[in-house]
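Following: one structure in structure tokens, then a few remarks.
Residue numbers start from 1 in every chain, and the chains themselves are labelled A, B, ... in the order their sequence lines are given, proteins ahead of strands.
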Amino acid sequence: DAKTTQPTSMDCAEGRAANLPCNHSTISGNEYVYWYRQIHSQGPQYIIHGLKNNETNEMASLIITEDRKSSTLILPHATLRDTAVYYCIVRDSFYNQGGKLIFGQGTELSVKP
Amino acid sequence: NAGVTQTPKFQVLKTGQSMTLQCAQDMNHNSMYWYRQDPGMGLRLIYYSASEGTTDKGEVPNGYNVSRLNKREFSLRLESAAPSQTSVYFCASTGLAVPKREFFGPGTRLTVL
């Protein structure tokens with residue numbers, strides 16, 4: 001699995017967009033970019049994933065650069081409840097034997113009033 | 001639909017004691033995983049089960065054993081607990097859909113004295 005690089009921490013004002021960057025320069029063609037978050041030691045929660053195209057769901061948007069070497073997770077209107085550690089993970093979608101996630105350190109996002 | 005459940009939520013053991021952490025999912029998922037998370041760290045994979053009847057080691061399997069009891073249940077056993085095993089343990093599961101998406105349990109907080 002390719003490795004990712006994320007900033008250790010970020011702050012965001014409540015109501016503003018939170019933009020969390022991730023570098024994955026060694027990503028290969030069949031690897032997806034996944035984002036999970038972990039709120040205060042709860043179990044990690046899936047947010048979104050993408051391969052090449054930008055993706056949007058009810059929680060967030062994922063912007064992937066054309067060369068796929070980096071991506072940005074966007075929380076459009078951050079709330080205090082979005083304070084969490086955000087993990088960017090790349091994985092092979094065709095890893096049928098387990099398909100295990102490998103977590104890095106993540107970005108600790110603090111949303112402030 | 002409870003998702004992924006774990007028991008117990010909290011446990012304190014003395015060095016050398018044994019215990020089994022239980023995990024169950026009601027989503028008919030094929031793959032199940034055990035992770036540990038030490039303070040200030042990301043999750044690390046202990047063991048996983050790609051399907052009923054199979055188990056494989058992850059990143060940090062030493063000191064643990066697992067049993068995939070049936071499709072729903074995946075247990076983690078500490079035969080002789082050590083203080084280094086003080087951690088939060090998370091169970092997760094995924095189905096056959098590609099790309100995979102993990103669902104995590106709420107965690108078991110284990111302290112070994």
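- No hydrogens or angles considered: nothing links the side chains of A/N23 and A/S25 as a donor-acceptor pair under 3.5 Å.
- Here salt bridge (Lys or Arg N to Asp or Glu O under 4.0 Å) pairs that include residues 9-25 of chain B, with residues two or more places apart or in two chains, number zero.
- Contacts of B/Q6 with chain A are absent, with no heavy-atom separation under 4.5 Å from either backbone or side chain.
- Of the possible donor and acceptor atoms, none in the side chain of B/S75 sits under 3.5 Å from a partner among the backbone N and O of B/T20.
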Would you sort out whether A/M59 and A/I48 count as a side-chain contact (heavy atoms from CB on, under 4.5 Å), showing the intermediate values?
CA-CA 8 Å; A/M59 291 183 68; A/I48 199 167; over 6 Å; no
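- Although no hydrogens or angles enter the test, the distance criterion places no donor-acceptor pair under 3.5 Å between the side chain of B/E73 and the main chain of B/A24.
- Scanning residues 105-113 of chain B against chain A with a 4.5 Å non-hydrogen threshold yields B/G105, B/P106, B/R109, sorted by number.
- Near-neighbour residues of residues 104-113 of chain A relative to chain B, defined by a heavy atom under 4.5 Å from a heavy atom of that chain, comprise A/G104, A/Q105.
- Between A/R68 and A/I27, the shortest heavy-atom distance links the atoms O-CG2, 3.1 Å.
- Applying the ring-ring contact (aromatic ring centres under 6.0 Å, His included) rule to pairs touching residues 44-92 of chain A yields A/Y32-A/H49, A/Y34-A/H49, A/Y36-A/Y46, A/Y46-A/H49, A/Y87-A/F103, sequence neighbours excluded.
- B/R77 and B/S18 share a side-chain donor-acceptor pair at under 3.5 Å.
- Annotation for B/R101: atom CZ counts as buried by contact number, over 12 foreign heavy atoms lying within 6.0 Å.
- A/Q6 contributes a side-chain N or O that, together with a main-chain N or O of A/C88, makes up a donor-acceptor pair within less than 3.5 Å.
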